[in-house]
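First comes the structure, then the notes that go with it.
Bear in mind that the values here come from a model prediction, so they are computed numbers and not experimental data. Chain letters run A, B, ... following the sequence lines, proteins first and then strands; every chain starts at 1.
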Amino acid sequence: MLDAKLFRTDLSSLAAQLMQTRGFELDVALLESLEERRKALQVKTESLQAERNSRSKNIGKAKAQGEDIAPLLAAVNDLGDQLEQAKQELKEVQTELHAIISSIPNLPAAEVPLGKDEEDNQEILRWGEPRQFDFEPRDHVDLGEGLAKGMDFDSGAKLAGARFVVLKGQVAKLHRALTQFMLDLHTEQHGYLETYVPYLVNHETLFGTGQLPKFGEDLFHVQGATEQQIPLSLIPTAEVPVTNLWRDEIADAEQLPLQYCAHTPCFRSEAGSHGRDTRGLIRQHQFDKVELVWLVQPEQSMDVLETLTGHAEAVLQALELPYRKVLLCTGDMGFSAQKTYDLEVWLPSQEKYREISSCSNMGDFQARRMQARFRVKGGKPELMHTLNGSGLAVGRTLVAVLENYQNEDGSVTVPVALRPYLGGLEKLGG
RNA sequence: GGAGAGAUGGCAGAGUCCGGUUGAAUGCACCUGACUUGAAAUCAGGCGUGGGUUUGCGCCCACCGGGGGUUCGAAUCCCUCUCUCUCCGCCA
């Protein structure tokens with residue numbers, strides 16, 4: 001959420017900025033009229049309340065002195081209805097304003113390149129050389145199925161439907177090894193606190209990180225056993241539960257920065273991506289991810305974004321997977337982000353770099369929604385800045401390892417860094 | 001699943017029975033000042049959050065787990081939801 005003060009002081013330039021960077025159309029006239037009504041109604045409501053409070057106090061006093069309070073009661077009679085009506089109207093206007101404001105995306109940082117879509121993203125660097133194959137490389141589906149049916153999409157479809165998979169044997173173990181490797185790297189080398197968090201969260205939590213109210217259709221929602229039970233949703237990323245650890249909390253300034261990592265499954269409905277990446281593991285309803293989250297003081301956040309992205313890169317480098325780092329343009333960034341780097345890993349079968357990590361600085365956007373704050377000793381509470389990044393998406397890393405490390409006979413060499421996690425195994429299949 | 005207890009400011013903890021100058025005693029923590037060479041201790045004062053309005057001083061409103069109700073007036077009474085704790089049962 002953006003600072004409400006922006007809407008009062010600088011509405012037209014805010015609207016221009018949102019249009020230019022996000023292509024987001026702000027209804028200035030509507031906001032202005034709502035804000036005008038809000039102001040009038042709030043002043044009216046509060047003055048009626050003040051009036052009521054003082055009269056009620058007088059009644060209390062009179063009663064304490066044994067005076068006759070009947071005339072005082074009569075005088076306050078008509079206030080109730082007026083107040084009730086004013087409150088009601090105010091509530092409606094505020095609800096409407098809140099709905100609009102909580103659906104406005106974050107403002108990109110100044111250095112983020114202007115652009116419409118991924119075409120306008122800016123490549124920052126390439127690491128590693130895509131391997132030259134002296135045979136036709138298979139894609140991960142063929143490779144996975146070839147490894148003793150270690151990647152079984154038919155079973156996934158039978159059990160749950162399209163975009164689900166069953167992993168078995170060496171492929172399942174490789175998947176686990178990747179997860180372990182990433183967690184160990186981040187907790188032992190990069191200073192993150194490992195966390196285990198709920199995979200189902202409530203709506204306040206989803207509002208905090210920006211998934212609600214706007215992106216509810218991207219999520220899987222879970223109905224409780226009874227009507228009254230509060231509705232929960234499956235997390236689309238560990239960013240949601242981990243960042244919300246600090247919702248409605250005030251940290252001491254010395255506690256910051258906070259670094260968390262978490263391995264969780266992620267659940268996405270993929271509504272609106274019909275027909276995209278239908279083959280293979282690239283786009284599933286359920287996938288595992290190791291997520292990195294930072295909570296920091298505002299002036300640190302841009303430096304920390306570089307650090308955080310570096311930690312995700314370290315995984316790719318350790319696995320010796322060629323990748324590139326891309327600075328997303330304004331139009332390609334997520335709703336809550338101020339600045340985002342994507343890491344894209346080389347996939348030989350597609351002869352393309354594909355997203356495997358996304359690292360973002362959200363600024364105070366999520367913190368304002370969550371009321372996640374910190375306090376310098378003796379000072380006022382201030383909003384934190386929040387950051388998160390994948391370190392990495394496990395399923396896509398599995399794809400990258402299989403494809404980049406494949407041999408002509410369909411076997412797959414195990415990256416050296418992973419061998420300790422596979423009991424020293426050097427090769428899958430073959 | 002059954003029975004009971006509870007949720008109050010950064011923390012601890014009164015107030016809830018009997019509704020009224022209670023945004024809330026007290027303690028801790030924190031800030032300022034005095035004392036001290038400095039520190040500790042002691043003393044005096046200050047010290048919640050969000051919002052509205054104002055050039056400013058200030059004034060006003062809301063908030064005692066969430067929502068709703070009763071009332072001129074609710075931390076206090078009623079309903080409801082959530083969470084926590086204790087005991088029993090069950091279970092990974």
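- Taking atom C1' on both B/U22 and B/U80, the two are 27 Å apart, rounded to the nearest angstrom.
- For A/K63 against B/G20, a side-chain N or O and a base N or O form a donor-acceptor pair under 3.5 Å.
- A/L48 places its CG atom 12 Å from the C1' atom of B/C61, with the value rounded to the nearest Å.
- Side chains of A/Y323 and A/Q317: a donor-acceptor N/O pair is present below 3.5 angstrom, by distance only.
- Taking atom C1' in both B/G9 and B/G73, one finds a spacing of 23 Å when rounded to whole Å.
- In this structure, A/E84 places its CD atom 14 Å from C1' of B/G73, rounding to the nearest Å.
- Looking at heavy-atom distances under 4.0 Å, A/N53 makes contact with sugar-phosphate atoms alone, never a base.
- Of the P atoms belonging to B/G50 and B/A44, the separation is 31 Å, rounded to the nearest Å.
- Rounded to a whole Å, the CD atom of A/E382 is 12 Å from the P atom of B/U49.
- Using the Watson-Crick or G-U wobble rule with both distances under 3.5 Å, B/A44 pairs with B/U32.
- The separation of B/U82 from B/C90, taken at their C1' atoms, amounts to 24 Å, rounded to a whole angstrom.
- Taking atom P in both B/C61 and B/A75, one finds a spacing of 14 Å when rounded to whole Å.
- Look at NZ on A/K39: it is 20 Å from P on B/C60, rounded to the nearest Å.
- Electrostatic pairing of A/R247 and A/E204 does not count as a salt bridge here, judged by no charged N lying under 4.0 Å from a carboxylate O.
- You'll find that the side chain of A/P381 is closest to B/U49, out of B/U49, B/G51, B/C72.
- The base-pairing partner of B/G27, taking Watson-Crick or G-U wobble contacts with both distances under 3.5 Å, is B/C11.
- Applying the ring-ring contact (aromatic ring centres under 6.0 Å, His included) test to A/F220 and every residue at least two apart in sequence or in another chain returns A/H285.
- Applying the Watson-Crick and G-U wobble criteria (two distances, each under 3.5 Å), B/C85 pairs with B/G4.
- For B/G51 and B/A14, the C1' atoms lie 29 Å apart once the distance is rounded to whole Å.
- Remark: A/D364 engages A/R368 in a salt bridge, criterion side-chain N to carboxylate O under 4.0 Å.
- Qualifying salt bridge (Lys or Arg N to Asp or Glu O under 4.0 Å) partners for A/R38, counting only residues two or more places apart in sequence or in other chains: A/E35.
- The distance from atom CG of A/D248 to atom P of B/C64 is 15 Å, rounded to the nearest whole Å.
- A/Y341 pairs in a side chain to side chain donor-acceptor pair (under 3.5 Å) with only one of the listed residues (A/E306, A/E313, A/K325), which is A/E306.
- Base pairing analysis places B/C59 opposite B/G52; the two distances defining the Watson-Crick or G-U wobble pair are each below 3.5 Å.
- With a 3.5 Å ceiling on both atom-pair distances, B/U37 lacks any Watson-Crick or G-U wobble partner.
- For the pair A/K61 and B/G73, the criterion of a side-chain N or O lying under 4.0 Å from OP1 or OP2 is not met.
- Atom CZ of A/R52 is separated from atom C1' of B/A74 by 10 Å (rounded to the nearest Å).
- Residue A/K57 is out of contact with every strand shown, counting any heavy-atom pair closer than 4.0 Å.
- Look at B/G73: it lacks any Watson-Crick or wobble partner with both distances under 3.5 angstrom.
- Side-chain atoms of A/K380 lie closest to B/U49 of the nucleotides B/U21, B/G51, B/U49.
- Aromatic ring centres of A/H311 and A/Y192 lie closer together than 6.0 Å.
- Applying the 3.5 Å distance criterion, the base of B/G51 shares a donor-acceptor pair with the side chain of A/E46.
- Distance NZ (A/K44) to C1' (B/C60): 17 Å, rounded to an integer number of Å.
- In a base pair of the Watson-Crick type (N1 to N3 plus N6-O4 or O6-N4) or a G-U wobble (N1-O2 and O6-N3), with each distance short of 3.5 Å, B/C91 is matched with no nucleotide.
- To the nearest whole angstrom, the two C1' atoms, one in B/C17 and one in B/C77, are 11 Å apart.
- For the 3.5 Å distance criterion, the side chains of A/S360 and A/T340 qualify, holding a donor opposite an acceptor.
- Counting only distance, with no hydrogens or angles, the side chain of A/D152 and the backbone of A/S155 share a donor-acceptor pair below 3.5 Å.
- Only A/R373, A/R375, listed by number, bring a heavy atom of residues 362-375 of chain A to less than 4.0 angstrom from any atom of RNA chain B.
- Rounded to an integer number of Å, the gap from A/Q49 CD to B/C63 C1' is 12 Å.
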